[in-house]
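Per chain, numbering begins at 1; letters A, B, ... match sequence-line order.
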Protein chains: 2
Amino acid sequence: MSYQPLLDYIKKHVDLTPEEKAILLSKIIDRRYLKNQYIVQQGDICKTINFIIAGCTKMFYVDEEGQEHIIMFSVEDWWSSDLGSFITQTPADFNIQCLENTQLIQFSYDHLEVLYKEVPKLERLFRKITERAFVASQKRVVRNFSLSAKEQYVTFRNTYPKIEQRVPQYMIASYLGITKEFLSKIKSQLIQDQ
Amino acid sequence: MSYQPLLDYIKKHVDLTPEEKAILLSKIIDRRYLKNQYIVQQGDICKTINFIIAGCTKMFYVDEEGQEHIIMFSVEDWWSSDLGSFITQTPADFNIQCLENTQLIQFSYDHLEVLYKEVPKLERLFRKITERAFVASQKRVVRNFSLSAKEQYVTFRNTYPKIEQRVPQYMIASYLGITKEFLSKIKSQLIQDQ
DNA sequence: AATAAATGTTAATCTAGTTTAACATCATTT
DNA sequence: AAATGATGTTAAACTAGATTAACATTTATT
């Protein structure tokens, strides 16, 4: 498997020397999952941070009534982990499941701690990654607040046009926090609006 | 003004040598704001990350209809900034306004970049701070999804009992994403539930 | 090709939360 | 003490989105 997508991604944030790259590459694991396999399950301790080389995942939780709620999708060049579980090494609130056959690069908790010591620049990298993740999450809170379901759907479709093609509609409804029936209604309204 | 609360806070995450502490203290600014003053306004570029020594702030945005939506409150030992604006140095989406007279310690963007070079441990500190902020934000998304307004209010009251005493009810309604009238209704329901 | 399973749509009824508007209480200023 | 502005409550009418249930379409399996 090629590590190039990860190295390209990293280069956007920090410059690594060839030695630092070598240390990094020695500490990561590549892994393939089949469609429907779980990378993390609710209650597990999330032991890895995962960078997606190919494929697509959903992060979701199941509430007391057995209802599934999708928090995020991740595709190529994105990260996919239960960060809360990972940083505190306590049981995960979320499941991460593959929606397609998926190739990942995994940073394990223990290896990452060593990596931070051997390549301090990686603290900077993961600081920046987390900053961006935080800002994205905060934007989602804002969207939830101020947009109707219809507006949120249109925003989602415009922001992630590729994801909409790749995953079933009922999962998009779950991501938006609405029922699949109401998403259907919204879509037929949008067609009539034209 | 005492820097002790900041140093105590930092000690929970990283150990600084006396020299590192000295560098840190030389690069921070302390600032007092009066009640109702703005630390950041929507459209400004957020130039500082702020640690609260005393007081209370709200972060909010104003939508096209002029409606105010509160994203978070911050009190002593918390941070208060528009991180999205700060990290990209682009115009802020949010306002931050003091709800009481407030004392802050400010890290300016330029000083922080220098600090990261002179005291690399601070990359680690801010990575950890941001990780926690991200997890908190993600939990808020989950709450929005899975709890009714009543449940969200009870959760808020249990999680931040002190904040509820300090800020007016209509701001709590705004934080919860409901109207003040509906919060009133919820509160009278809770009294009857007993 | 036939069947089953998964996904998507439509429509009727229902409910959590909004809107509007009137009134009540509390705090601040004169 | 009166008056003003800020905050909080109640109730009636309304709406966005949920629920239920029946049916349609697509995909996978035999």
Measure from [atom1] on [X] to [atom2] on [N] and round the result to the nearest Å.
X: A/Y153; N: C/dG8; atom1: OH; atom2: C1'; result: 12 Å
X: A/L176; N: C/dG8; atom1: CG; atom2: P; result: 13 Å
X: A/I172; N: C/dT7; atom1: CD1; atom2: C1'; result: 12 Å
X: B/Q192; N: D/dA11; atom1: CD; atom2: C1'; result: 14 Å
X: A/I178; N: D/dT19; atom1: CD1; atom2: P; result: 12 Å
X: B/E181; N: D/dT10; atom1: CD; atom2: C1'; result: 10 Å
X: A/K187; N: C/dT7; atom1: NZ; atom2: P; result: 14 Å
X: B/N144; N: D/dG17; atom1: CG; atom2: P; result: 13 Å

Toward the 5' end of DNA chain D, which comes first, A/A149 or A/K180, by nearest nucleotide?
A/A149
Side chains of A/Y33 and A/T57: any donor to acceptor distance under 3.5 Å?
no
Reckon B/T179 has a side-chain N or O less than 4.0 Å from the OP1 or OP2 of C/dT18?
yes
Tell me, yes or no, whether the heavy-atom count around A/K139 atom NZ, taken from other residues, nucleotides or ligands under 6.0 Å, exceeds 12.
no
Checking contacts here: which listed nucleotide (D/dA18, D/dT7, C/dG8) is nearest the side-chain heavy atoms of A/K185?
D/dA18
Of the candidates C/dT10, D/dG8, C/dT7, the side chain of A/Y170 sits closest to C/dT7
So what does A/F182 touch, heavy atoms closer than 4.0 Å: a base, only the sugar-phosphate, or nothing?
base
Ion pair present between B/K185 and B/E181, side-chain N to carboxylate O less than 4.0 angstrom?
no
Could you tell me whether B/R124 and A/E113 have a side-chain N and a carboxylate O separated by less than 4.0 Å?
yes
